[in-house]
Every structure is written in C-alpha cells, then in structure tokens.
J.: 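Quick one: the structure is below, and I'll ask about it shortly.
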Amino acid sequence: MAAPAPAALLCRALVKRYGELAAVDRLDLEVAAGECFGLLGPNGAGKTTTVEIFEGLTEPSAGEVLVLGERWHGDGRELRTRLGIQLQETRFPEKLRVGELIAVFRSFYRRGLEPDEALARVSLAEKRGAFVRTLSGGQKQRLSLACALVGDPEVLFLDEPTTGLDPASRRQIWEIVEDLKARGRTILLTTHYMEEAARLCDRVAIVDRGRKLAEGTPRALVASLGAEHVVELEVEGELADGELAALPGVEAVRRAEGAIRLTVADVARAVPPLLALVAAHGLEARRLATHHATLEDVFLALAGRTLADGEGGG
C-alpha cells in the first residue's frame with residue numbers, strides 16, 4: 001500500500017507571541033493537498049498571523065511549520081515560487097495599466113500562466129488596457145487574485161478576500177475560488193463570513209484568541225449543535241434559562257447581543273409554547289426570528305459570543 005501523501009500545510013503546537021500577547025496559542029492544523037481549508041473567527045482571532053507564518057512572512061515563537069513538506073529557511077526563494085498569496089489589502093500603482101501590472105508579477109516566476117490567461121480566470125480580460133485607478137473595489141480584488149495566480153501556485157493563501165465587497169463582487173470571488181478548487185489547488189482561506197466558509201471550504205477550523213475551538217466539515221460542525229434550527233427572541237423582561245430549556249424541542253439555550261437563542265429541532269413545535277411562556281410572565285416579545293443553524297451559531301456555542309463581539313481585536 002502506498003504511503004499517504006504528505007500534508008500541503010502542517011503546523012504543530014504553533015505559537016506566536018507579541019510581548020505578553022499570544023496571537024497564536026499552541027495551534028495544530030493539517031491541510032491536505034487539493035483541499036480548501038477555512039480558518040474562521042473574528043478579527044483578532046489569530047487568523048492572519050497564522051497565515052503569515054505559513055507564508056514565511058512571520059517567524060513563529062515556537063512550534064513546527066511545514067509547507068509542501070518543507071521548512072522555511074534562508075530566503076525561501078524556491079518555496080515561494082510554489083505559493084500564491086492574496087493579502088487582506090493590496091495597494092497597486094494607480095498609473096499602471098492592468099496588463100502591465102500582471103506582466104510585472106508574471107516576471108517574478110520562471111513558469112506560470114500567461115498574463116492574459118490569469119486575467120481571463122478572474123474575468124478581467126476586457127480590462128487589460130485600463131488603468132488600475134479606474135477599477136472598482138471588486139475589480140481590484142480580482143486583480144489581486146490574478147497576481148496571486150499568475151505563478152500557477154500549488155498552494156494559494158486567501159486572507160479575507162471578500163471583506164468590504166458588495167454581495168455581487170463577493171459572489172464573483174466565490175466563483176473564482178470554486179474554479180480553483182475544481183483545478184485541484186490547495187487553498188487556505190481566512191474569513192469571518194460564515195456563509196462564505198460553508199460554501200467554499202471542505203473543512204474549517206474555528207479559532208478564537210489564537211486557539212482552535214473546533215475543526216471539521218461545515219456540515220458536521222453545524223450538526224454538532226444537535227438541532228437544525230435557531231429561534232431568536234428579544235423580550236422586555238427576564239425569562240429563566242431553566243424554563244426555556246424545559247420547552248418542547250429545545251436542545252440548548254444561549255444568550256447574545258440582548259437576545260435569547262434557542263437551538264431547536266422543530267420550529268413549529270417550539271414557538272407556540274415559547275410565546276405562551278412569554279405571555280404567562282406578562283412580557284412582550286420585541287422580536288422573534290428563526291433561521292437554519294449556521295457556523296455562526298457554532299461559534300456562539302463554543303465561544304459564548306458572536307463573531308461581531310470579537311471584531312476590532314488586535
């Protein structure tokens with residue numbers, strides 16, 4: 001029997017400290033070749049720091065890191081030619097034309113895609129002669145992705161590639177990533193958009209404050225909640241957790257952002273007695289909403305807060 005292929009990306013007990021702050025805290029990850037792997041968590045969770053260590057841009061404080069079976073040493077020139085990197089934000093010379101810019105990036109590699117092919121893959125072929133300054137935000141993000149692709153990388157790092165984009169531009173990026181997946185590329189994606197992770201990633205790791213809280217397929221992580229639906233309720237007054245947990249079909253009770261969140265198997269079975277409980281206490285429901293359980297709900301269950309609560313961290 002042939003030995004299993006080595007992981008495309010691997011870290012063991014990875015630590016990165018900035019003074020007393022542990023941005024990454026004993027993190028273990030393994031990304032298989034050809035896999036789209038997501039790092040999920042709020043701003044300040046350690047996602048970008050972890051990616052920068054894999055990219056060879058940041059030195060770890062402790063732990064083991066392997067990229068395509070190799071350790072970073074020296075300038076890492078040979079290893080870098082096998083990687084494509086899209087940063088959270090890229091600043092391009094505004095007075096260059098799109099075709100000129102992609103040609104400059106192509107010159108960094110001994111082999112790779114023709115500039116026109118790289119632009120075609122991100123649907124920017126018609127902008128080849130346009131100045132960079134004339135591109136929209138979404139087009140600049142696609143140009144950034146084309147620059148990461150032009151070396152035909154074995155591993156692609158995408159650090160929050162759709163942050164700040166409108167929904168239409170975000171979906172364009174998703175379609176490009178899905179095409180890369182179909183081509184067998186290994187992708188490490190960071191995001192705090194749970195819908196993005198659920199759509200694109202084969203597996204995800206949920207991280208917070210530098211630590212891994214959970215890992216698995218999006219479907220398996222959502223299933224770990226024990227029910228398929230979430231009922232959110234805001235009321236004037238207090239309801240005890242014990243009373244809520246005793247309602248028919250309620251699997252878990254959580255609170256976040258001033259709302260009660262009930263994980264339930266059957267919305268139709270849970271909502272009528274919930275409203276009856278509210279009325280019995282003489283309270284009024286300010287808001288009642290239901291949705292299918294998502295990775296956001298998984299994060300809340302694990303971290304005790306929503307992703308929005310964590311944004312703005314260091």
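In what follows, every heavy atom counts, from backbone to side chain, and hydrogens, waters and symmetry copies are set aside.
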J.: Tell me, please, which residues at least two apart from Phe105 pass ring pair (Phe, Tyr, Trp, His ring centres under 6.0 Å).
T.: Phe108
J.: Is it possible for you to say whether Leu295 and Val230 belong to one hydrophobic cluster, with membership spreading through side-chain heavy-atom contacts below 4.5 Å?
T.: no
J.: Scan the side chains in residues 121-130 for donor-acceptor partners under 3.5 Å anywhere in the protein, sequence neighbours excluded, and list what turns up.
T.:
residue : atom : partner : partner atom : Å
Arg121  : NH2  : Glu117  : OE2          : 3.0
Arg128  : NE   : Asp116  : OD1          : 2.4

J.: Which atom pairs, donor and acceptor, lie under 3.5 Å between side-chain atoms of residues 20-30 and protein residues at least two apart or in another chain?
T.:
residue : atom : partner : partner atom : Å
Asp25   : OD2  : Arg211  : NE           : 2.7
Asp25   : OD2  : Arg211  : NH2          : 3.0
Asp28   : OD1  : Ala13   : N            : 2.6
Glu30   : OE1  : Arg12   : NH2          : 2.9

J.: Which ILVMFWY residues can you reach from Leu66 by hopping between side chains whose heavy atoms are under 4.5 Å apart?
T.: Leu10
J.: Check this for me, if you would: do Asp241 and Arg254 make a salt bridge, where the nitrogen-to-carboxylate-oxygen distance has to be below 4.0 angstrom?
T.: no
J.: With sequence neighbours left out, which residue pairs that include part of residues 196-224 fulfil the ring-ring contact (aromatic ring centres under 6.0 Å, His included) condition?
T.: none
J.: Go through the structure and list residues passing side chain to side chain contact (heavy atoms under 4.5 Å, CB included) with Thr58, not counting sequence neighbours.
T.: Lys16, Tyr18, Glu52, Ile53
J.: Using the test salt bridge (Lys or Arg N to Asp or Glu O under 4.0 Å), find all partners of Arg286 that sit at least two apart in sequence or belong to another chain.
T.: Glu234, Glu236
J.: Supply the members, apart from Val231, of the Ile/Leu/Val/Met/Phe/Trp/Tyr cluster built from side-chain contacts under 4.5 Å; use none for a lone residue.
T.: Leu233, Val235, Leu239, Leu244, Leu247, Val250, Val253, Ile260, Leu262, Val264, Val267, Val271, Leu274, Leu275, Leu277, Val278, Leu283, Leu288
J.: Would you find more than 12 non-hydrogen atoms of other residues, nucleotides or ligands less than 6.0 Å from Glu251 atom CD?
T.: yes
J.: Taking side chain to side chain contact (heavy atoms under 4.5 Å, CB included) as the definition, give me every residue that meets it alongside Ala240, ordered by chain and number, with sequence neighbours left out.
T.: Glu243
J.: Show every side chain to side chain donor-acceptor pair (under 3.5 Å) that has at least one partner inside residues 99-115, sequence neighbours left out.
T.: Glu78-Arg110
J.: Keeping to residues at least two apart or across chains, list the ring-ring contact (aromatic ring centres under 6.0 Å, His included) pairs with something in residues 199-237.
T.: His229-His292
J.: Taking side chain to side chain contact (heavy atoms under 4.5 Å, CB included) as the definition, give me every residue that meets it alongside Pro248, ordered by chain and number, with sequence neighbours left out.
T.: Arg269, Pro273
